[in-house]
Amino acid sequence: MGEGAMIKQQIVGKPKAVQLDFLPFKFCPGCHESLVWRALGEVIDELDIEGKAIACLDIGCSGILMVGLTVDGIHCLHGRSTAVAAGVKRVLPQAICFNIGGDGSLGAIGVGHVINVMMRSDPITTIFLNNSGYGMTGGQVAPTSLLGLRTTTTPEGRDVQSAGFPLHLSEIAATMTGTAYASRVSVHTPANYQKARKAIKTAFQKQMDGVGYSIVEILCACPPNWGLSPLAANSFVEEKLIGEFPLGEFKNVDKIEHTFDPELKRVGRVKRG
Amino acid sequence: MADRRLLSGNEAIGWGAILGECKAFFGYPITPQSEILEFLATELPKAGGVFLQTEDEIAAVSMVYGSSMTGTRTMSATSSPGISLMQETVSLMAYLKVPSVIVDVCRFGPGSGMAQTSQTDYRQVTKGGGHGGYRCIVLAASSSQECCDLVQFAFWLADRYRMTVYVLTDATIGQSCELVDLKTRDFGALPDKDWVLRGLDERGGNGQGIHPHMWDYVGYHEDMNEKYREITENEIKYESYRMDDAEVILVAYGYVSRMAKGAVDLAREEGLKVGLLRPITLWPFPTNVLRELSLQAHHILVVEHSSGLLVEDVECALQGKVPVHLLGIWGTHRRDSSGIIYPERIVEEIKQMVGVA
């Protein structure tokens, strides 16, 4: 560790699980991912899970975020990080498995896997970054794009007839029996940042307690693709994004209640070898 | 005492997985593969392994990838359309050098095709299957016994060379029952899995899975070519049958090779000098073996239940020095998907070819 790095550590008060050589933060000015990154690092430190955390990283800006964490990371194809994390957790139940993906990864191409881990109640944690569009590929419409929002593939603004209505993944998660925790947070003010950190911590805790699937949706500013300054993009989260995507906990249970009908064991087809 | 059982090819695949110490199976039902899933749903947990029926083949192979990254011996099984769905992750595993075993119980294609037997996946699996110019080892089983043995060998090869190994069968092999000696096969020592990710507490380290060759793509392809060369030198497997004085050489794999064996016997009864070369590794292909055998041959007849895929590798091996004939899917006894190629039809083709008809 060089002298410069030491200074950075003192100034930033860096979480242990955050890699110094990723500083300064390598994303666009005003991007909220730096805050998600820090929050993840802080939670990993607080829960002392650095040694058993395994991150599955989707494709997109959110996936690159992982490079800045010290924990083991698995590179995944676009949309598949949820399934990969479920696979890791099945064979390594003692690991704390989480996946990070954006609204393209988890809301579009990989949404099927997300619904299925909820259905199976796979005890993994999903960090879902919602910035109302595709970041890395340069601002195309996402399932979460706001109605009317101009994107490179909805040049006249997102219209209902062609592109439908914004996807509310956290609300869907809350309707699924297998979900232990679902919440939507933002990081656009210090108070919201603290709430986001708490939500991530609770989500990991659900996994550690073996309750079931947990998901934290984080609203993130994307100044370049919104065509806004960092400051204006921050306000846009408050004024527009939260309007469509209300913050809050949609589900938080310590035990998933269910019943079995013993009669059903005597019905159905059995294959005998 | 030998454990001898009457097993379908699909059940034998399942036994091969258990004897090969497979500890995780992820798959999705598809005819004619489903018995593998059903067998392992019951048997794998008893052997201390994890079984999961996933939402699709994409999830199945993603979970194979994730669980293999932890160092677990893991596999999936599917049939032709499922192989297509898996290709993106197979390509990723080739790039990241992650071992995996994938069974393809080939059904009739292209498209959704039909669930009956065929060999229409040859080109797809032997040439890699997905994007990026990689290769996978392909083992072709022609009996229930081989299903059991080759799955074990596939796990060894996958760990030895850190790559995907396909075990290719077909609906006929998958559904036919034969006696199998359930025997654990030992193929020798394997390198330590020093690349696995199991969290910092155990072993591993950040970045393992994240674009290891980002700054040297040329190096990646050079490394892989070196590995492919090593595999081609060391791992080619084939069976030659009644080849001693053969003037006509049949080339066939999978269920068709069983029919071809019958054809060799029938033709020999009639005084025709016919032998069979059955490649067991379809990649690496026994190119040199075929080239040497062809020195004594007047004719080569490729028999395959497809439009002519294996024949491309045979032609490539022989470089025009011996005439290569093809009896393809038109040799089946019916024109719908329930047809198969019988020995008598192969003998008929041989006779036409050598002019004794």
Side-chain angles (χ1 to χ4, degrees), chain A residues 16-17 19 21-22 44 48-57 59 63-64 66-97 99 109-110 112-120 122 124 269-273, chain B residues 5-8 11 14-15 23-26 34-35 37-39 41-43 49-56 58-74 88-89 91-93 95-96 98 196-212 214:
Chain A
K16 194 163 141 269
Q19 302 231 47
D21 56 12
F22 202 63
I44 290 169
D48 193 21
I49 54 172
E50 187 189 13
K52 51 184 175 174
I54 296 184
C56 296
L57 313 158
I59 296 289
I64 292 183
M66 171 58 210
V67 183
L69 291 175
T70 55
V71 303
D72 271 355
I74 298 180
H75 168 66
C76 303
L77 290 164
H78 194 33
R80 311 302 163 208
S81 60
T82 323
V84 175
V88 172
K89 186 75 181 181
R90 293 265 163 172
V91 296
L92 208 62
Q94 70 271 27
I96 308 300
C97 291
N99 67 317
I109 191 167
H113 301 311
V114 179
I115 301 294
N116 275 281
V117 291
M118 291 170 185
M119 183 273 292
R120 287 191 301 260
D122 280 303
I124 60 168
R269 192 164 168 216
V270 182
K271 200 105 177 181
R272 302 207 188 275
Chain B
R5 300 188 195 202
L6 185 65
L7 298 175
S8 72
E11 290 167 322
W15 274 112
K23 292 295 174 210
F25 179 93
F26 304 97
S34 303
E35 294 82 8
L37 220 66
E38 291 168 342
F39 176 86
T42 312
E43 298 299 329
V50 169
F51 170 89
L52 182 65
Q53 180 180 322
T54 56
E55 60 267 35
D56 57 20
I58 301 174
V61 74
S62 298
M63 293 187 195
V64 165
Y65 164 53
S67 55
S68 187
M69 282 296 276
T70 70
T72 306
R73 272 198 169 179
T74 174
E88 193 190 15
T89 295
S91 171
L92 179 71
M93 291 193 288
Y95 174 58
L96 298 171
V98 180
V196 302
L197 295 180
R198 296 175 65 87
L200 298 175
D201 279 351
E202 278 195 56
R203 58 195 303 180
N206 180 32
Q208 281 279 353
I210 303 165
H211 283 287
M214 195 185 263

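In what follows, every chain begins at residue 1, and chains take the letters A, B, ... in the order their sequences are listed.
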What residue in B:A60, B:S8, B:S67 has the most heavy-atom pairs under 4.5 Å with chain A? B:S67
Does any backbone or side-chain atom of B:L7 lie under 4.5 Å from a heavy atom of chain A? Answer side chain, backbone, both or neither. neither
List the residues meeting ring-ring contact (aromatic ring centres under 6.0 Å, His included) with B:F25, not counting sequence neighbours, and say none if there are none. B:F51
Residue part contacting chain B, namely of A:L77, when any heavy atom lies under 4.5 Å: both
Can you tell which part of B:E88 gets under 4.5 Å to a heavy atom of chain A, answering side chain, backbone, both or neither? both
Result of checking A:I96, A:V84, A:D72 against A:I54 for side chain to side chain contact (heavy atoms under 4.5 Å, CB included): A:D72
Ranking A:C97, A:A53, A:A86, A:G87 by heavy-atom pairs under 4.5 Å to chain B gives rank one to A:G87
Which atoms of B:T89 come close to chain A, meaning under 4.5 Å heavy atom to heavy atom: side chain ones, backbone ones, both, or neither? both
Contact check, side chains of A:K16 and A:T70, non-hydrogen atoms, under 4.5 Å: no
From the list B:V64, B:L52, B:T42, the residue making the most non-hydrogen contacts under 4.5 Å with chain A is B:L52
Report yes if the side chains of A:I49 and A:I44 come closer than 4.5 Å at any heavy-atom pair, otherwise no. yes
Heavy-atom count check: over 12 atoms from other residues, nucleotides or ligands less than 6.0 Å from B:K23 NZ? yes
What pairs of residues pass the salt bridge (Lys or Arg N to Asp or Glu O under 4.0 Å) test when at least one of them lies in residues 85-94 of chain A, not counting sequence neighbours? A:R90-A:D122
